[in-house]
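Everything below concerns the one structure shown next.
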Amino acid sequence: MTALFPSTPRAERDGSPAARPRGGPAPRRRRADWRAWAAFALLAGPMLIGLGVFKYVAIGWSFLLSFCNAHGTIALGHWVGLDNYQQLLADETFRGSIGQILLFTAFIVPVTFAVSLGLALLVHRVRRGRAVLRTAFLIPTAVSYVAASLVWKMCLFNGLPAGIANMMRGWFGMDAVPWIQTTDPPLYWIVLITLRLWLQVGFYMVLFLAGLQAIPRDVYEAAALDGATGWRKLRRITLPMLRNTSVAVLMLQFIAAFQAFDEFYNLFSSGLSGTGTAPVQTPLVHLYNTAMGAQNYGLGSAGAFVLTALIVAVTLIQGRITGFGKGEE
Amino acid sequence: MKTTLTGVLRAGLRGLIIGLLTLAFLAPFYLMLRNALMDSRGLTSPEWTWWPTQMHWENFTALFGDPSLHMGQALGNSLLIAGITAPASTLLASAAGYAFARIPVPGRGAMMALVVATLMIPGSVTFVPTFVVVGSMGGVNTLWGLIVPGLFNPFAVLLFRNFYLQFPAEIEEAGRLDGLGWFGLYRRIALPSSGAMLASLGALAFIDSWNAFLWPLVIGQDPSSWTAQIALSTFLTSQTINLPGLFAGAVVTIAPLVAMFLIAQRYIVEGIATSGLKG
């Protein structure tokens, strides 16, 4: 057919300005003309300027500020060299907060991963009403950490004379405990982890569901012919086929855990049944107190760089191990 | 599918587990609404009631009547901020994504690398640097200070660029023959064809903006520039013991998003799936 009816219209073969092979890339001119530049500046310019000011300029300025004694000012003044960094790394609370976030991440990432994958596998196998179930698990994603912290703090784990968790302990003849204040054993971890699970699991479940839908059916049919059963199918087919999704989910979860702030701020700040001194502080809470509370922007900037360096380092290591970013797309 | 006894049992067990989990996931919503409609006495009584015998809707009116809470203005601020941020940031990312995908100018790759490099630095760690810049421009306690830094989303640029790279060139051909330039091609052909993508990333941007906490806490120090989340958080961490009011406040701050979720569900699910996988 193509031989009989050439698919290239005459105009294109004639080499008119619009000439180019069908379906090929947009015409590439040897030198970009001013029209292309004008359009590029119009379309990409605002984004480049915005990222330039709010990322590059911001980070550059803050980097200089981290070598300054900037108390209550953001002007580059008293140069103090590495003092801020030394002070920060000598600070017990900052070092403690780094330890806490590492521990928190080590807990929350595998737990969220397992629960969201498990939920996705459960929901995926449901034949009728899958959309309704997906909504039920996804809808907590719409809730802010502030509102969720309120329910967890004032209704589930403390407050309201007993709270649901203590009411349930009562059914088994156990005494009520102050969940958020109890540090030994660290019962507040249960509060932190269940809250984050409720808020985030639906999001990652949707990612896994999308991954599960992309696995072709005949792979399972072929495996079934070979006599593979449930568990083996999961280990040999489903999990390897979800590899890309899994790596993406791990990366997203890691970054989300490392940036934890909202629930720590709202659960542990004083007022109502919060504690006077928080049992745990994340680096971001520490940074917030340093920069916004004590107005020490030099020290705060130094903290931002230490934390950024840590996150970038771990992300790169994780990318190296899991091969993220080298996928087909 | 086998219909053996164990098969039926397993299906039943699975149904039971899913049912219980669904209830557990929906329970906090029920608790929030129940508590918002009780009165203080009933709420703090050790006697458990499933649903208030008398609906105390006045908890909601009292919420807006109390001038110290600033709830009405905070909700207005949030609507304004998310209402501007979501469409504006999505449109900006779409335009930039198109330019990077289609317009051949020298140095395009290097500029894209600069955009992608900003992805490496997590958003909430940069609040000190961003505060330094926005503060020096007088953006503290202003709406622009709350809105503008959130308009530039490099991740969305990357997603749109990938989208427009896969966009079939034939469709643009007709427009080119009609004499459209690059901007015209984007404006008349590419943009109208990316409706689903705009809707899904826009919905996600709205959710992010509505639920944002750290940045509004940093920049909105005066009650007149509080967002709904800051107003609720201030209420939660204050010393007042108005529990029903507190839960009414939570209901009010999450209601707009839950409503949007139920309406724009398809786009939100699509948005999550794309933004998670192609990153």
Side-chain angles (χ1 to χ4, degrees), chain A residues 18 23 25-26 28 32 35-37 39-40 42-44 46-48 50-51 54-55 57-59 61-62 65 74 122 136-137 139-140 142-147 150-151 155 160-161 203 206-207 210 245 248 255 259 261-262 266 269 271 284 287 291-292 297 300-301 304 307-308 311-312 329, chain B residues 18 22 25-26 28 31-32 44 46 92 95-96 98-99 102-106 115 118 120-122 124-125 128-130 132-133 135-136 149 151-152 157 169-170 176-177 181-183 186 211 213-214 218 229 232-233 236-239 246 250 253-254 257-258 261 269 272-273 276-279:
Chain A
R28 284 182 171 273
R35 280 165 181 279
W37 268 113
F40 189 85
L42 193 63
L43 292 171
M47 179 62 67
L48 287 169
L51 288 177
F54 294 107
K55 297 281 179 193
V57 170
I59 287 165
W61 189 343
S62 199
L65 211 54
I74 46 175
L122 271 176
F137 293 123
I139 205 92
V143 178
S144 68
Y145 275 94
V146 186
L150 163 71
V151 176
C155 179
L160 296 184
F203 180 88
V206 168
L207 290 185
T245 312
I255 292 172
Q259 298 192 63
F261 175 84
D262 302 12
N266 285 297
S269 50
L284 271 186
L287 275 190
M292 305 317 296
Y297 302 118
S301 294
L307 195 57
T308 306
I311 295 181
V312 170
E329 285 205 330
Chain B
I18 292 183
T22 312
F25 268 74
L26 295 179
L31 288 168
M32 235 182 278
T44 46
L92 276 174
Y98 183 81
R102 283 283 204 253
I103 307 179
V105 295
V115 171
T118 61
M120 283 296 284
I121 302 133
S124 55
V125 185
V128 182
T130 318
V132 168
V133 165
S136 76
L151 292 181
F152 310 101
V157 178
E170 289 90 339
R176 190 178 298 284
L177 290 175
W182 288 110
F183 183 76
Y186 167 70
N211 282 340
F213 183 67
L214 180 54
V218 165
Q229 308 302 334
L232 183 64
S233 170
L236 172 63
T237 54
S238 70
Q239 298 294 336
L246 201 41
T253 59
I254 70 166
L257 269 203
V258 170
F261 243 73
V269 169
I272 293 174
L277 291 178
K278 292 194 181 153

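Below, read A as the first sequence line, B as the second, and so on, with proteins coming before strands; counting in each chain starts at 1.
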Next on the checklist: Taking every non-hydrogen pair under 4.5 Å, which of B:Val115, B:Leu214, B:Val258 racks up the most with chain A?
Outcome noted: B:Leu214
Checklist entry - Does the side chain to side chain contact (heavy atoms under 4.5 Å, CB included) test come out yes or no for B:Ile272 and A:Leu207, once each step is laid out? => result CA-CA 7 Å; B:Ile272 293 174; A:Leu207 290 185; 3.9 Å; yes
Checklist entry - Measuring heavy-atom distances to chain B, does A:Leu287 have an atom under 4.5 Å in its side chain, in its backbone, in both, or in neither? => result both
Next on the checklist: If you count heavy-atom pairs within less than 4.5 Å of chain A, which of B:Thr130, B:Thr118, B:Val157 leads?
Outcome noted: B:Thr118
Checklist outcome for this item: In short, A:Ala36 meets B:Ile103 closest at the heavy-atom pair O-CG2, 3.5 Å
Checklist entry - What are the two closest non-hydrogen atoms of A:Ala39 and B:Trp182, and how far apart are they? => result CB-CB, 3.4 Å
Checklist outcome for this item: Closest heavy-atom pair, B:Ala273 versus A:Ala210, reported as atoms and distance to 0.1 Å, is CB-CB, 3.9 Å
Checklist outcome for this item: Okay, B:Ile254 and chain A: the region with an atom under 4.5 Å from a heavy atom over there is side chain
Checklist entry - Tell me, do A:Leu43 and B:Phe183 make a side-chain contact under 4.5 Å, heavy atoms counted? => result yes
Next on the checklist: Let's test your reading of the structure: which of B:Leu151, B:Val218, B:Leu257, B:Val125 forms the most heavy-atom pairs below 4.5 Å with chain A?
Outcome noted: B:Val125
Checklist entry - Once you round to the nearest 0.5 Å, how far does CG of B:Leu232 lie from CG of A:Leu150? => result 6.0 Å
Next on the checklist: Between A:Val151, A:Asp262, A:Val312, A:Leu307, who has the most heavy-atom pairs with chain B when the cutoff is under 4.5 Å?
Outcome noted: A:Asp262
Checklist entry - How are the rings of B:Phe152 and A:Phe54 set to each other: parallel, tilted or perpendicular (split at 30° and 60°)? => result parallel
Checklist entry - Under a 4.5 Å heavy-atom cut-off, does chain B meet the side chain of A:Phe261, its backbone, both or neither? => result side chain
Checklist outcome for this item: Of the listed A:Ala147, A:Gly50, A:Pro46, the one with the largest count of heavy-atom pairs under 4.5 Å with chain B is A:Gly50
Item to check | Contact origin within A:Ala291 toward chain B - heavy atom pairs under 4.5 Å | outcome: side chain
Item to check | Interchain contact, A:Leu122 with chain B, by part (heavy-atom threshold 4.5 Å) | outcome: both
Item to check | Greatest number of heavy atom pairs closer than 4.5 Å to chain B - which of A:Ala44, A:Ser301, A:Ala142 | outcome: A:Ala142
Checklist entry - So what's closer than 4.5 Å to chain B heavy atoms on A:Met292: side chain, backbone, both or neither? => result side chain
Checklist entry - To the nearest 0.5 Å, how far apart are CD1 in B:Ile121 and CD1 in A:Ile59? => result 4.0 Å
Item to check | For B:Leu236 against A:Val146, the heavy-atom pair lying closest together | outcome: CD2-O, 4.1 Å
Next on the checklist: So for B:Leu92, is it side chain, backbone, both, or neither that comes closer than 4.5 Å to the heavy atoms of chain A?
Outcome noted: both
Next on the checklist: Any heavy-atom pair between the side chains of B:Phe213 and A:Ser144 that's under 4.5 Å?
Outcome noted: no
Checklist outcome for this item: Correct closest heavy-atom pair for A:Asn266 and B:Ser233 would be OD1-OG, 2.7 Å
Item to check | A:Ile311 portion near chain B, given a 4.5 angstrom heavy-atom threshold | outcome: side chain
